[in-house]
Number of protein chains: 2
Amino acid sequence: MNDVHHDRLHDFESAIFYCEKNGLNVTKPREEVLKAILGSKKPLGAYDILEKLAEPLNKPKPPTVYRAIDFWQSHGFIHRIESLNAYIGCDTDHHHEGSQFIICDKCGNVEEVHLCSVPAELQKKSEESGLKISHWVLELHGTCKTCQ
Amino acid sequence: MNDVHHDRLHDFESAIFYCEKNGLNVTKPREEVLKAILGSKKPLGAYDILEKLAEPLNKPKPPTVYRAIDFWQSHGFIHRIESLNAYIGCDTDHHHEGSQFIICDKCGNVEEVHLCSVPAELQKKSEESGLKISHWVLELHGTCKTCQ
DNA sequence: GGTTTTTAGGAATCGTATCACATATTGCGG
DNA sequence: CCGCAATATGTGATACGATTCCTAAAAACC
C-alpha cells in the first residue's frame with residue numbers, strides 16, 4: 001500500500017471499504033489497477049497501467065486491465081479523461097455523472113474540479129435543445145501556474 | 001460540390017474563400033476531406049472519412065486523411081469530438097478556442113453550442129487554480145428531444 | 001459436493017493515430 | 001526559365017487504444 005501516493009492513500013482505503021460494505025470483490029487485478037492509478041499524480045493510459053502491472057500480475061493482457069478500469073469507473077472511483085485517453089483517480093466521494101478537469105498541457109498535471117451541476121449557460125442551452133443529459137465531459141486545457 | 005449537404009454548402013465555400021484570401025492551398029485531399037465531413041450530418045471517424053475517399057482519392061492511407069483533418073482543424077473549420085473520436089464541421093465562423101457539443105447517444109446527432117466564453121463557474125475555478133486556458137472541451141451526452 | 005455466478009487468462013482482432021522516409025508540387029529569387 | 005526552398009503527398013510500418021470471444025478458475029450459494 002505504500003506504493004500509493006500519500007495523498008491518495010485515503011482514496012484507496014475508502015474504495016476498499018466501499019467494496020467491503022457493498023459486497024464487491026476486490027480482486028488482485030482490481031487492487032493493482034487502482035493502486036497504479038492512484039499511485040500516479042498524472043493520468044495513466046491503459047497501456048501505461050499494463051506496463052506497471054507486468055511484475056505484480058505477471059504480464060497481464062489488455063482485457064484484464066480494461067475490466068478492472070471498467071469496474072472502478074462504474075463505481076465512480078476513477079475517471080476517464082477523454083481528451084487524453086487516460087485514467088485518473090477521483091478525488092472526492094464517487095458517483096457524480098459529470099467530471100471536470102483542469103489540464104496542464106505542459107507538465108501533464110491534472111486537477112479535478114467539482115461543479116455540482118452543469119453550468120447555468122449550458123443548462124439553458126441543453127434545455128432549449130431538449131436534451132436529457134446523462135453525463136458530460138468538461139476538460140479545460142492550458143498552462144498551469146507553475147508552468148507559465 | 002453538390003455532395004456537400006445543402007445547409008453546409010455555405011461552410012464549404014467560405015472555407016475555400018478563407019484559404020484563397022490567406023494564401024492557403026486547397027489541395028485535393030483537403031478538399032475531399034472537408035467535403036466528406038461537411039457532407040455528413042453526423043460526426044465522422046477518421047476511418048469513415050478514409051472509406052469515403054477511397055474512390056475520389058484512390059484509396060488514401062491514414063496520414064493523408066489525418067493531415068487534412070489537422071489542416072482544417074487548425075484553421076477552425078472542423079472540430080474533433082473527443083468523446084466520440086470523430087470530426088464534425090464547425091457551424092459558425094471559425095476560430096474559437098473552445099467548442100461545445102450536445103450529443104444524443106441514441107441517434108448520434110450532434111448539435112454545436114456556442115458559449116462565447118467559459119462558463120462563470122469554471123472561469124472562477126480555473127482562475128483559482130491559476131490555469132491559463134488554451135482550449136476547452138465540453139461535451140454533453142444524453143438523449144435528444146426526438147429520441148426520448 | 002454440485003451448481004451458478006463472478007472473475008480472470010489469453011489469442012485475435014479491430015479502431016485510432018503517428019512516424020519515417022521517399023517523392024512530388026508549389027512559390028519565388030535570380 | 002532554372003534551381004532552390006518550402007509545402008504537401010504517398011506509402012509502409014508501427015504504435016497506441018479497446019474489444020470480442022472463448023476457456024478456465026475461483027467464489028458464493030444451496
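In the text below, chain A, chain B and the rest are named by the order of the sequence lines, each starting its count at 1. Any value given below was found using the heavy atoms of this structure, including those in side chains, with hydrogens, waters and symmetry copies removed.
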Asks: Nearest whole Å is fine: how far is D:dA18 C1' from B:E82 CD?
Replies: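 From B:E82 CD to D:dA18 C1': 16 Å.
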Asks: Could you go through nucleotides 22-24 of chain C and list every protein N or O atom that sits under 3.5 Å from one of its N or O atoms, giving the distance for each pair?
Replies:
none

Asks: Running the 4.5 Å side-chain criterion over Ile, Leu, Val, Met, Phe, Trp and Tyr, what cluster does A:L84 land in, apart from itself?
Replies: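 Direct or chained contacts put A:L84 with A:I81, A:I88, A:F101, A:I103, A:V110.
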Asks: Roughly, in whole Å, what's the span from CG in B:L57 to P in D:dG10?
Replies: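 From B:L57 CG to D:dG10 P: 7 Å.
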Asks: Could you tell me which residues satisfy side chain to side chain donor-acceptor pair (under 3.5 Å) with A:N85, sequence neighbours excluded, listed by chain and number?
Replies: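 A:N85 satisfies side chain to side chain donor-acceptor pair (under 3.5 Å) with A:R80 once adjacent residues are dropped.
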Asks: Determine which pairs satisfy side chain to side chain donor-acceptor pair (under 3.5 Å) with at least one residue from residues 137-148 of chain B, sequence neighbours left out, and list them in order.
Replies: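 Pairs touching residues 137-148 of chain B that pass the test: B:S83-B:E139, B:S83-B:H141, B:D105-B:H141.
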Asks: Rounded to whole angstrom units, what separation is found between the CZ atom of B:R30 and the P atom of C:dT25?
Replies: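 Checked: the CZ to P distance equals 15 Å.
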Asks: Taking only distance into account, with no hydrogens and no angle test, what donor-acceptor pairs under 3.5 Å do side-chain atoms of residues 51-59 of chain A form with protein atoms, sequence neighbours excluded?
Replies:
none

Asks: Please name all residues satisfying side chain to side chain donor-acceptor pair (under 3.5 Å) with A:E127, sequence neighbours left out, ordered by chain then number.
Replies: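 Per chain and number, A:E127 pairs via side chain to side chain donor-acceptor pair (under 3.5 Å) with A:Q123.
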Asks: A:L50 has an atom CG; how far is it from atom P of C:dG9, in whole Å?
Replies: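 Atom-to-atom, A:L50 to C:dG9, this comes out as 11 Å.
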Asks: Can you measure A:L34 atom CG to C:dT7 atom C1' for me and round it to whole angstrom units?
Replies: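 These atoms are roughly 17 Å apart.
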Asks: For A:I81 and D:dG17, give me the distance from atom CD1 to atom C1', rounded to whole Å.
Replies: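 Distance, rounded to whole Å: 16 Å.
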Asks: Could you walk me through whether B:D91 and B:H114 pass the side chain to side chain contact (heavy atoms under 4.5 Å, CB included) test, one step at a time?
Replies: CA-CA 9 Å; B:D91 73 352; B:H114 288 279; 2.9 Å; yes
Asks: To the nearest Å, how far apart are A:E51 CD and D:dA15 P?
Replies: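 Computing the A:E51:CD to D:dA15:P distance gives 13 Å.
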Asks: Test of understanding: with ring-ring contact (aromatic ring centres under 6.0 Å, His included), list the residues that count as partners of A:F71, not counting sequence neighbours.
Replies: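 Here the qualifying residues are A:H75.
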Asks: Give a yes or no on whether the backbone of A:F12 and the side-chain of A:K35 come within a donor-acceptor separation of less than 3.5 Å.
Replies: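 Not at all, since once roles are kept as given, no pair shorter than 3.5 Å links the two residues.
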Asks: Which protein N or O atoms sit under 3.5 Å from an N or O of nucleotides 22-30 of chain D?
Replies:
none

Asks: Using a cut-off of less than 4.0 Å, is there contact between a side-chain N or O of B:T64 and OP1 or OP2 of D:dG10?
Replies: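 For D:dG10, OP1/OP2 do have a side-chain N/O of B:T64 under 4.0 Å.
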Asks: So, OP1 or OP2 of D:dT9: does either fall under 4.0 Å of a side-chain N or O from B:T27?
Replies: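 So the side-chain polar atoms of B:T27 do come within 4.0 Å of the phosphate oxygens OP1 or OP2 of D:dT9, strictly under.
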Asks: Could you list, one pair per line, each protein nitrogen or oxygen that sits under 3.5 Å from a nitrogen or oxygen of nucleotides 11-18 of chain C, together with the distance?
Replies:
from	atom 1	to	atom 2	distance (Å)
C:dA17	OP1	B:R80	NH1	2.5
C:dA17	OP1	B:R80	NH2	3.0
C:dA17	OP2	B:Y66	OH	3.0
C:dA17	OP2	B:Y87	OH	3.3
C:dA17	O5'	B:Y66	OH	3.3
C:dA17	N7	B:Y47	OH	2.8
C:dA17	N6	B:Y47	OH	3.4

Asks: Can you list everything that forms a side-chain contact (heavy atoms from CB on, under 4.5 Å) with B:K61? Sequence neighbours excluded, please.
Replies: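 Listed in chain order: B:P63.
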Asks: Residues two or more places apart in sequence or in another chain: which of them pass salt bridge (Lys or Arg N to Asp or Glu O under 4.0 Å) with A:K124?
Replies: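 A:K124 satisfies salt bridge (Lys or Arg N to Asp or Glu O under 4.0 Å) with A:E128 only.
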Asks: Quick one: side chain to side chain donor-acceptor pair (under 3.5 Å) partners of B:S129, sequence neighbours excluded?
Replies: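 Listed in chain order: A:E111.
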